[in-house]
> 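Would you mind keeping the following structure in view while I ask a few things?
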Amino acid sequence: MQLNKGILFVLLGAGCFGFTPIFAKLGFSHGYSLGQINIVQMMISSFILWSFTLIKRSSFKGLNKKNIPHIMITGCFVGLTSIFYYGSMQYLPASLAIILMFQFVWIGIILEWIFSKIKPAPITVVSIIFILIGVFFASNIVNGDIQGLPLKGFLFGILSAFTYAGFIFFSGKVAVNVDPWTRTSLMSTGSTILVLVLFLRDIPSVVPLETNLITASIGVSLFGAVLPPLFFAVGAPLVSGGIANILTSIELPIAILSASLILSEAVTPLQWLGTAIILAAIALNELGSSLFRVKKHING
């Protein structure tokens, strides 16, 4: 029952994150800067999360001087992911920015290796190779459609993958005994402080708040900084890192589909093939490893 609950919440968190490109692109289309969107997004996120936390009278049990900074630092990964992910979308099609950010899957496996001393199994290495093959097709390199696109966009996209992988990994490790609402609110606070410091010069430009800026920011707040951290805070501790990687893969088709249907971005059959290869590789990593362990147990 606990596993099913964990699966559900991780799926919801990943699915929500898949809708953020719509609102980020909306904000950019109205001429707002990366700093403006991130500042208002994080301010709204912190306000919403702390409001619910206080209204629900969530428990502060388990908090101490040591883990509060750790929780807030974990939240900084959310802010960095938003900055790099949306920054990538300023220069690249949303579908390509999504694919770059989605490299968090194999990066997450490396983090498990470094911090949890869990060495990748041979089938995991094979899965990573297939993920990279999928990226080759999904990025539309074959048709040469990425030529002429700014290198800065690709750099931001890869950086967003590293920070997102860091968030998923540490959100399942840091102060998991603390109430999810309290923990997520503290994460949002850490993220807000980071964004305000990095975009200090943009703060005066967000006042007075304009309707279009508020609309775009509420969208990216809910789907990028409020719901995913909350759902991950509840679900991530209940599932293994490998299963979490498989579940979060739902974000990729949802994000690309929304970019295609709502943002009217062209997504070629070759790109869908690449996306399918990536998803299959992710499933192979966990399901293949589990099957191998079962067979080894039976044979043993």
> Are Ile83 and Ile73 connected, step by step, through hydrophobic side chains (Ile, Leu, Val, Met, Phe, Trp, Tyr) whose heavy atoms are closer than 4.5 Å?
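As far as the 4.5 Å side-chain criterion goes, Ile73 and Ile83 are not connected within one cluster.
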> So how far is it from Leu80 CG to Ser160 OG, rounded to the nearest 0.5 Å?
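Atom-to-atom, Leu80:CG and Ser160:OG are 10.5 Å apart.
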> Where the side chain of Ser116 meets the backbone of Trp113, is there a donor-acceptor pair that is under 3.5 Å apart?
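Looks like no, no N/O pair under 3.5 Å.
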> According to a hydrophobic-cluster definition based on side-chain heavy atoms being under 4.5 Å apart (Ile, Leu, Val, Met, Phe, Trp, Tyr only), do Ile55 and Val178 belong together?
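No, because Ile55 and Val178 fall into different hydrophobic clusters, even though each may have its own neighbours under 4.5 Å.
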> Closest heavy-atom contact between Gly235 and Val10?
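Residues Gly235 and Val10, closest heavy atoms: C-CG2, 3.7 Å.
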> Which pair of non-hydrogen atoms, one from Val234 and one from Pro180, has the smallest distance, and what is that distance?
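Heavy atoms only, the tightest pair is CG2-CB, 3.6 Å.
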> Would you compute the distance between atom CE of Met72 and atom CZ of Arg183 and round it to the nearest 0.5 angstrom?
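CZ of Arg183 is found 14.5 Å from CE of Met72.
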> Any chance you could lay out the side-chain hydrogen bond (donor to acceptor under 3.5 Å, both in side chains) test for Thr189 and Trp50, step after step, and finish with the verdict?
CA-CA 9 Å; Thr189 301; Trp50 277 114; 2.7 Å; yes
> Hey, is CZ on Phe60 packed in by over 12 heavy atoms from elsewhere, all under 6.0 Å?
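Yes, CZ of Phe60 has more than 12 neighbouring heavy atoms, counting only those of other groups under 6.0 Å.
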> Quick check: are there more than 12 heavy atoms from other residues, nucleotides or ligands sitting under 6.0 Å from CZ of Phe28?
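For Phe28, atom CZ is crowded (more than 12 foreign heavy atoms under 6.0 Å).
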> Yes or no on side-chain contact (heavy atoms from CB on, under 4.5 Å) for Met187 and Val78, after CA distance, side-chain angles and deciding distance?
CA-CA 8 Å; Met187 286 182 184; Val78 178; 5.6 Å; no
> Should Glu112 and Ile109 count as side-chain neighbours, where that means a heavy-atom distance under 4.5 Å?
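They are not in contact (no side-chain heavy atoms under 4.5 Å apart), so the answer is no.
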> Just wondering, do Gln103 and Val135 contact through their side chains at under 4.5 Å, heavy atoms?
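Yes, close enough: below the 4.5 Å cut-off.
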> Less than 3.5 Å apart, which donor and acceptor atoms pair up between the side chains of residues 217-230 and the rest of the protein, not counting sequence neighbours?
unit_1 : atom_1 : unit_2 : atom_2 : d
Ser217 : OG     : Leu213 : O      : 2.7
Ser221 : OG     : Gln41  : O      : 2.7
Ser221 : OG     : Ser217 : O      : 2.5

> Does the Ser188 side chain pair with the main chain of Ser185, one donor and one acceptor, at a distance under 3.5 Å?
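Such a contact is absent between Ser188 side chain and Ser185 backbone.
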> Do other residues, nucleotides or ligands put more than 12 heavy atoms under 6.0 Å from the CE atom of Met43?
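Result for CE/Met43: open.
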> With side-chain contact (heavy atoms from CB on, under 4.5 Å) as the criterion, how do Ile262 and Leu257 come out once you've worked through the C-alpha distance, each side chain's angles and the decisive distance to 0.1 Å?
CA-CA 8 Å; Ile262 301 175; Leu257 194 61; over 6 Å; no
> Are the side chains of Ile48 and Phe52 in touch, meaning some heavy atoms are under 4.5 Å apart?
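The answer is yes, as the side chains (C-beta and beyond) meet within the 4.5 Å cut-off.
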> Within the structure provided, determine whether Phe130 and Val126 are in side-chain contact (heavy-atom separation under 4.5 Å).
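Of all side-chain heavy-atom pairs linking Val126 with Phe130, at least one is under 4.5 Å.
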> Listing request: all side chain to side chain donor-acceptor pair (under 3.5 Å) pairs with a residue in residues 58-80, at least two apart in sequence or in separate chains.
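Pairs touching residues 58-80 that pass the test: none.
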> Identify the heavy atoms of Ile98 and Pro21 that sit nearest to each other, and give their distance.
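Closest approach of Ile98 to Pro21, heavy atoms only: CD1-CG, 3.9 Å.
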> I'd like to check Ser82 versus Met42 (side-chain heavy atoms, cut-off strictly below 4.5 Å). Are they in contact?
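A side-chain contact under 4.5 Å exists here.
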> What's the verdict on side-chain contact (heavy atoms from CB on, under 4.5 Å) for Glu210 and Tyr32, showing C-alpha distance, side-chain angles and the deciding distance?
CA-CA 10 Å; Glu210 298 177 1; Tyr32 297 113; 2.5 Å; yes
> For a 4.5 angstrom cut-off between non-hydrogen side-chain atoms, does Leu155 reach Phe84?
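Of all side-chain heavy-atom pairs linking Phe84 with Leu155, none is under 4.5 Å.
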> Is it true that Phe9 and Val176 fall in one hydrophobic cluster, defined by side-chain heavy atoms closer than 4.5 Å?
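No, no single cluster joins them.
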> What do the steps show when you test Tyr91 against Leu149 for side-chain contact (heavy atoms from CB on, under 4.5 Å), and what is the final call?
CA-CA 7 Å; Tyr91 304 99; Leu149 293 175; over 6 Å; no
> Angle between ring planes, Phe102 versus Phe104, binned at 30° and 60°: parallel, tilted or perpendicular?
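Perpendicular: the ring planes of Phe102 and Phe104 meet at over 60°.
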> For Ser260 and Val267, work out which heavy atoms get closest and say how close.
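So the minimum-distance heavy-atom pair works out to CB-CG2, 3.8 Å.
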> Tell me, please, which residues at least two apart from Ser171 pass side-chain hydrogen bond (donor to acceptor under 3.5 Å, both in side chains).
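Not a single residue meets the side-chain hydrogen bond (donor to acceptor under 3.5 Å, both in side chains) criterion with Ser171.
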> Tell me if the aromatic rings of Phe115 and Phe170 count as close, with their centers under 6.0 Å from one another.
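Between Phe170 and Phe115, which both carry aromatic rings, the centre distance is below 6.0 Å.
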> Testing the basics here: between Ala281 and Ile131, what is the closest heavy-atom pair and its distance to 0.1 Å?
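Here Ala281 and Ile131 meet closest at CB-CG1, 3.6 Å.
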> Nearest 0.5 Å, what's the OG-CZ distance between Ser33 and Arg201?
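Here the rounded value is 13.0 Å.
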> Could you state the interatomic distance from CG (Asp179) to OG1 (Thr184), rounded to the nearest 0.5 Å?
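It is 8.5 Å, given to the nearest 0.5 Å.
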> Answer yes if the side chains of Thr182 and Thr53 hold a donor-acceptor pair under 3.5 Å, and no otherwise.
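Short answer, no.
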> Any side-chain heavy atom of Phe199 sitting closer than 4.5 Å to one from Leu34?
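Phe199 vs Leu34: side chains touch.
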> Under 4.5 Å between any side-chain heavy atoms of Lys25 and Glu265, yes or no?
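When only atoms from C-beta onward are counted, Glu265 and Lys25 do touch, with a gap below 4.5 Å.
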> From Ile278 CD1 over to Ile256 CD1, what is the distance, rounded to the nearest 0.5 angstrom?
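If we round to the nearest 0.5 Å, Ile278:CD1 and Ile256:CD1 are 7.0 Å apart.
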> Check for me, please, whether Phe167 and Ile114 land in the same ILVMFWY cluster - side-chain distances under 4.5 Å, paths through other members count.
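Per the 4.5 Å side-chain linkage, Phe167 and Ile114 are co-clustered.
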> Please report the shortest heavy-atom distance between Ser258 and Gly18, naming the atom on each side.
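Nearest heavy atoms, Ser258 then Gly18: OG-O, 3.5 Å.
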> May I ask you to check whether Thr192 and Ser46 show a side-chain donor-acceptor distance below 3.5 Å?
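Judged by distance alone, the side chains do pair up.
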> Rounded to the nearest 0.5 Å, how far does OG1 of Thr163 lie from OH of Tyr85?
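Those atoms lie 11.5 Å apart.
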> Is Ile254 linked to Leu100 within one hydrophobic cluster, defined over Ile, Leu, Val, Met, Phe, Trp and Tyr using a side-chain heavy-atom separation of less than 4.5 Å?
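Yes; tracing contacts between hydrophobic side chains, which count when under 4.5 Å, links both residues.
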